[in-house]
2 protein chains.
Amino acid sequence: MSSLASNMETYLKKLLRLSAVGYIDIKRKELAAKFKCVPSQVNYVLETRFTLEKGYLVESKRGGKGYLRIRQLDVSSEELLSMILEEIIEGQITDNKARDFMQRLFDGRLISFREWRMMEAVLDSLNYIEDDTLRAEFRGWMLKKVLFTLISF
Amino acid sequence: MSSLASNMETYLKKLLRLSAVGYIDIKRKELAAKFKCVPSQVNYVLETRFTLEKGYLVESKRGGKGYLRIRQLDVSSEELLSMILEEIIEGQITDNKARDFMQRLFDGRLISFREWRMMEAVLDSLNYIEDDTLRAEFRGWMLKKVLFTLISF
DNA sequence: CAGTGCTCTGACCTTCTTTGACCTTTTGTC
DNA sequence: GACAAAAGGTCAAAGAAGGTCAGAGCACTG
């Protein structure tokens, strides 16, 4: 229960609660030093505890003056989250389901007309990918990313 | 917190905003002195932050009375879109270029903040495609589709 | 006690930044 | 015109992050 990873998770979530702007910036190496572990352990924590599905968005920049930014998604959209999760169960999603889903989002005024059209264009463009499995998997993956992003802004 | 390069970028953009003529003239050595760095660092900033894709044009003159002139391009929406489309005509496009273009579309108020974020998420998700060539080609293909959609709505 | 699924580490990779040595162009002076 | 001085330009290498991945360790569970 109180593994290094869990402690780091708790610590980061506390920082997030205390943050006024809805996100926190951290230095991978410093955080690792604070918890006396290797830097890659930080990645592990981010990958397992701060995923899109759990309501977080992680951005980063490499190189000098790099950083990790953890953003907490708006809780009010929890309903939408579970909807998405249900639909995109195994990562894959069919073209029809994806389009139905976008239509629902538009009908429910969660996305604008232009946003809807844009996503339709993206879905259209997927035909460029010939491999059926890759296409379906990528569609699910991408949809998840886009929808979670829409939720957080 | 932020890097020298980012600070210099911010500074130059502020100067540009304040300029009435649409361009600014600077002395490489003086700017370097102001930021306490080597002169070639100025070139780095210009090469990475003030590119054509990002909507800037840099002219210069060497020798005595030399200077650097940074010009902000002020192209119309149609021009910007056709520029982008032209660029993608060869099919492929790099991730960086695609992101630069999206940023410009946002800066030029051709797309909303949410639409910008959405497209960034789509670009992020492309990493799911492992094949380098397929990814770059698909990126170009998709971008074209989306841009054409934007034009028509 | 073998299997399964988290944790954790370390070696190696990629990206972005910064510096410095050396090069080229332009201007001013004899 | 030759030469010196005054810019700016190029490029490779070092430094400063963060990213990836395979495998070792560990803790339950049947």
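Below, read A as the first sequence line, B as the second, and so on, with proteins coming before strands; counting in each chain starts at 1. These figures come from a predicted structure and were not determined experimentally.
- Phosphate contact (OP1/OP2 of D:dA16, side-chain N/O of A:K29, threshold under 4.0 Å): absent.
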Can B:D100 and B:K97 be said to form a salt bridge (charged side-chain N to carboxylate O under 4.0 Å, His left out), step by step?
CA-CA 5 Å; B:D100 285 350; B:K97 275 192 184 175; over 6 Å; no
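- Between B:L31 atom CG and D:dA7 atom P there is a gap of 14 Å when expressed in whole angstrom units.
- For the pair A:M8 CE and C:dT9 C1', the interatomic distance rounds to 13 Å; values are reported in whole Å.
- One interatomic measurement links the two molecules: CG of A:D25 to P of D:dG18, which rounds to 11 Å at whole-angstrom precision.
- Between A:Y56 and A:F50, the ring planes are perpendicular. Angles over 60° get that label, and only those under 30° would be called parallel.
- Cation-pi contact between B:R99 and B:F101: absent, since separation from the ring centre below 6.0 Å together with deviation from the ring axis within 45° is not met.
- Atom-to-atom, CZ of B:R69 to P of D:dA7 comes out at 17 Å; the value is rounded to the nearest Å.
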For a quick check, with a 4.0 angstrom heavy-atom cut-off, what is the B/S/- contact string for nucleotides 17-30 of chain C, read 5' to 3'?
BBBB---BBBSS--
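- A donor-acceptor pair shorter than 3.5 Å can be found between the side chains of B:E137 and A:Y128.
- Atom CD in B:E47 sits roughly 14 Å away from atom P in C:dC16 (whole-Å rounding).
- One can place NZ of B:K27 at 12 Å from P of D:dG9, the figure rounded to the nearest angstrom.
- In this entry the distance linking CZ of A:F50 with P of D:dG18 reads 16 Å, nearest Å.
- The aromatic rings of B:F106 and B:W116 lie parallel to each other, their planes meeting at an angle below 30°, with 60° marking the opposite boundary.
- Between D:dT10, D:dG8, D:dG19, one nucleotide has an atom nearer to the side chain of A:R28 than all others, and that is D:dG19.
- Among all heavy-atom pairs drawn from B:K54 and B:R49, the shortest one is CD-O, 3.2 Å.
- Separating the CG atom of A:L46 from the P atom of C:dC6 is a distance of 18 Å, rounded to the nearest angstrom.
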